[in-house]
Amino acid sequence: MVDMVKAGRGLELRPLNLRDAKALFSLVEANRERLRRWLPWPDTNRSVLDTRAFILRVRAHARAGIGQSFGLWWKGALVGTAGFVWIDAANHSAAIGYWLAQEAEGHGLMSAAVKALLRHGFRTLKLNRIEIRVGVRNRRSRAIPERLGFRHEGTLRQAECLAERHVDHAVYGLLASEWRGR
Ligand SMILES: CC(C)(COP(=O)(O)OP(=O)(O)OC[C@H]1O[C@@H](n2cnc3c(N)ncnc32)[C@H](O)[C@@H]1OP(=O)(O)O)[C@@H](O)C(=O)NCCC(=O)NCCS
């Protein structure tokens, strides 16, 4: 299991652990309505037990090398999660997903976290391609890959059913050869 990833400015990405379950569930509870606009899972995460099951699942994915999710810790508190929602080792390819608590928005934390994940993905995991898929109307989220030099590769029509509506995805991709941090 990978260790902590430092993102600078006091932000740390730590592999999710069962002892984080209560704090993570409280954060989901407090942010449920805004998260369910853009993410598929809040409706199925309704208790600390659900959150524990989620953490066990992502730890198993990390052990199998098919994903890697981190808790985002800032000023001693858990403020969200970010990580590789899937890793396709055969094709050296992965996708990043993320969310932040409302009170942590607007400080550049997620841009810093994704930048750290790019470094980890391209340098340590030796990935060749990293993508981010975002609801086309999710302005704050689209700004992250745009800020970090991803290319907008196209639109997947009605790619995801969120809060009972079908949402188009903007697909952003970044190749190792294009990565500015290399
Ligand atoms: C998507 C989401 C993580 C974006 O959060 P965010 O705080 O806007 O993103 P960042 O942490 O990168 O911060 C960028 C903001 O901080 C500001 N900022 C301050 N210092 C900064 C710095 N050093 N670097 C970059 N941005 C900085 C930026 O100007 C920007 O604010 P603005 O939009 O008012 O201009 C958050 O809105 C969220 O969790 N939404 C709900 C879930 C979701 O949509 N998840 C993604 C699904 S694809």
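Whatever order the structure lists ligands and atoms in, that order sets their numbers, starting from 1. For this chain, numbers begin at 1 and follow the sequence in order.
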Trainee: Just jot down the ligand 1 atoms closer than 4.0 angstrom to any heavy atom of L109, in number order.
Mentor: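 Selected atoms, number and element: 10 (P), 11 (O).
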
Trainee: Do any heavy atoms of R147 fall under 4.0 Å from ligand 1?
Mentor: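 Yes, R147 has heavy atoms under 4.0 Å from ligand 1.
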
Trainee: Using heavy atoms and a 4.0 Å limit, tell me yes or no: is G106 in contact with ligand 1?
Mentor: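 True for this residue.
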
Trainee: To the nearest 0.5 Å, what is the distance between NE2 (H120) and NZ (K6)?
Mentor: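 Reported to 0.5 Å precision, the distance equals 15.0 Å.
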
Trainee: Counting non-hydrogen protein atoms only, what is the nearest one to atom 31 (O) of ligand 1? Give residue, atom name and distance.
Mentor: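 Among all protein heavy atoms, the one nearest atom 31 (O) of ligand 1 is R140 NH2, 3.9 Å.
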
Trainee: Right, does atom 45 (N) of ligand 1 have protein non-hydrogen atoms nearer than 4.0 Å?
Mentor: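 So atom 45 (N) of ligand 1 has protein heavy-atom neighbours under 4.0 Å.
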
Trainee: Could you find the nearest protein heavy atom to atom 25 (C) of ligand 1 and give me its residue, atom name and distance?
Mentor: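 Checking every protein heavy atom, the shortest distance to atom 25 (C) of ligand 1 gives G108 CA, 3.7 Å.
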
Trainee: Could you check whether any side-chain heavy atom of L109 comes within less than 4.5 Å of a side-chain heavy atom of L72, counting everything from C-beta outward?
Mentor: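 Side-chain contact under 4.5 Å: no.
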
Trainee: E105 versus ligand 1: do any nitrogen or oxygen atoms come within less than 3.5 Å of each other?
Mentor: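 Looking only at distances, the answer is yes, because the N/O contact criterion of under 3.5 Å is met.
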
Trainee: Compare all side-chain heavy atoms of S93 with those of N128 and state whether any distance is below 4.5 angstrom.
Mentor: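 A side-chain contact is absent here, since even the closest heavy-atom pair is not under 4.5 Å.
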
Trainee: Checking T51 against N45: is there a side-chain donor and acceptor pair closer than 3.5 Å?
Mentor: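 Yes, T51 and N45 have a side-chain donor paired with an acceptor closer than 3.5 Å.
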
Trainee: Evaluating non-hydrogen atoms only, which member of I132, V134, L162, L100 is closest to atom 5 (O) of ligand 1?
Mentor: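 Going through I132, V134, L162, L100 one by one, L100 has the nearest heavy atom to atom 5 (O) of ligand 1.
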
Trainee: May I ask whether R37 has any heavy atom positioned less than 4.0 angstrom from an atom of ligand 1?
Mentor: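 Heavy atoms of R37 never come under 4.0 Å of ligand 1.
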
Trainee: Among E153, R142, R133, exactly one meets side chain to side chain donor-acceptor pair (under 3.5 Å) together with Y172. Which residue is that?
Mentor: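 Only match with Y172 under side chain to side chain donor-acceptor pair (under 3.5 Å): R142.
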
Trainee: Which of the numbered atoms in ligand 1 are under 4.0 angstrom from any heavy atom belonging to W38?
Mentor: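 So the answer, numbered in order with elements, is 44 (O).
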
Trainee: For R133, take its heavy atoms, then give the atoms of ligand 1 lying under 4.0 Å from any of them.
Mentor: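 Atoms satisfying the 4.0 Å criterion: 48 (S).
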
Trainee: A quick test of your reading: do over 12 heavy atoms of other residues, nucleotides or ligands sit less than 6.0 Å from CZ of R165?
Mentor: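 Atom CZ in R165 is crowded, with more than 12 foreign heavy atoms closer than 6.0 Å.
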
Trainee: Considering heavy atoms of the protein only, find what lies nearest to atom 9 (O) of ligand 1 and give residue, atom and distance to 0.1 Å.
Mentor: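 Ranked first by proximity to atom 9 (O) of ligand 1 is I144 CD1, 3.9 Å.
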
Trainee: So does S111 get a backbone contact from the side chain of Y98, meaning a donor-acceptor N/O pair under 3.5 Å?
Mentor: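 Not a single qualifying donor-acceptor pair exists.
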
Trainee: Classify the angle between the aromatic ring planes of F54 and W41 as parallel (below 30°), tilted (30 to 60°) or perpendicular (above 60°).
Mentor: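 Plane angle under 30°, so parallel.
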
Trainee: Within a distance of under 4.0 Å, is there any protein heavy atom near atom 35 (O) of ligand 1?
Mentor: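 Protein heavy atom within 4.0 Å of atom 35 (O) of ligand 1: absent.
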
Trainee: To check your reading of the model: name the closest protein heavy atom to atom 40 (N) of ligand 1, its residue, and the distance in Å.
Mentor: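 Protein heavy atom at minimum distance: R34 NH2, 3.6 Å.
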
Trainee: Should you measure from each heavy atom of W99, which atoms of ligand 1 turn up under 4.0 Å away?
Mentor: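 What qualifies from ligand 1 is 39 (O), 42 (C).
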
Trainee: Would you tell me which option among L39, L148, V114 has the nearest heavy-atom contact to atom 47 (C) of ligand 1?
Mentor: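 Going through L39, L148, V114 one by one, L39 has the nearest heavy atom to atom 47 (C) of ligand 1.
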
Trainee: Does some side-chain heavy atom of R119 sit less than 4.5 Å from a side-chain heavy atom of T124?
Mentor: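 No, their side chains stay 4.5 Å or more apart.
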
Trainee: Drop me the distance from R52's CZ to L18's CG, to the nearest 0.5 angstrom.
Mentor: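 CG of L18 is found 4.5 Å from CZ of R52.
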
Trainee: So, regarding Y98 and ligand 1 (criterion: nitrogen or oxygen to nitrogen or oxygen, under 3.5 Å), is there a contact or not?
Mentor: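 Yes: some nitrogen or oxygen of Y98 is under 3.5 Å from one in ligand 1.
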
Trainee: Is the shortest side-chain heavy-atom distance between W38 and R137 below 4.5 Å?
Mentor: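 Contact flag for W38/R137 side chains = yes.
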
Trainee: About how many Å separate CD of E105 and CZ of R34, when rounded to the nearest 0.5 Å?
Mentor: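 Going from CZ on R34 over to CD on E105, the span is 4.5 Å.
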
Trainee: Can you check whether L174 reaches R151 side chain to side chain, under 4.5 Å on heavy atoms?
Mentor: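 The answer is no; the side chains never approach within 4.5 Å.
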
Trainee: Please list the nearest protein heavy atom to atom 11 (O) of ligand 1 with its residue and the distance rounded to 0.1 Å.
Mentor: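 Looking at atom 11 (O) of ligand 1, the protein heavy atom closest to it is M110 N, 2.7 Å.
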
Trainee: Say whether N138, considering both its backbone and side-chain N or O atoms, lies within less than 3.5 Å of an N or O atom on ligand 1.
Mentor: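 Checking ligand 1 against N138, an N or O pair does fall under 3.5 Å apart.
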
Trainee: List the closest protein heavy-atom neighbour of atom 12 (O) of ligand 1: residue, atom name, distance to the nearest 0.1 Å.
Mentor: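 Sorting protein heavy atoms by distance from atom 12 (O) of ligand 1 puts S111 OG, 2.6 Å first.
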
Trainee: So which protein heavy atom does atom 48 (S) of ligand 1 come closest to, and at what separation?
Mentor: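 Looking only at protein heavy atoms, the one closest to atom 48 (S) of ligand 1 is S141 OG, 3.4 Å.
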
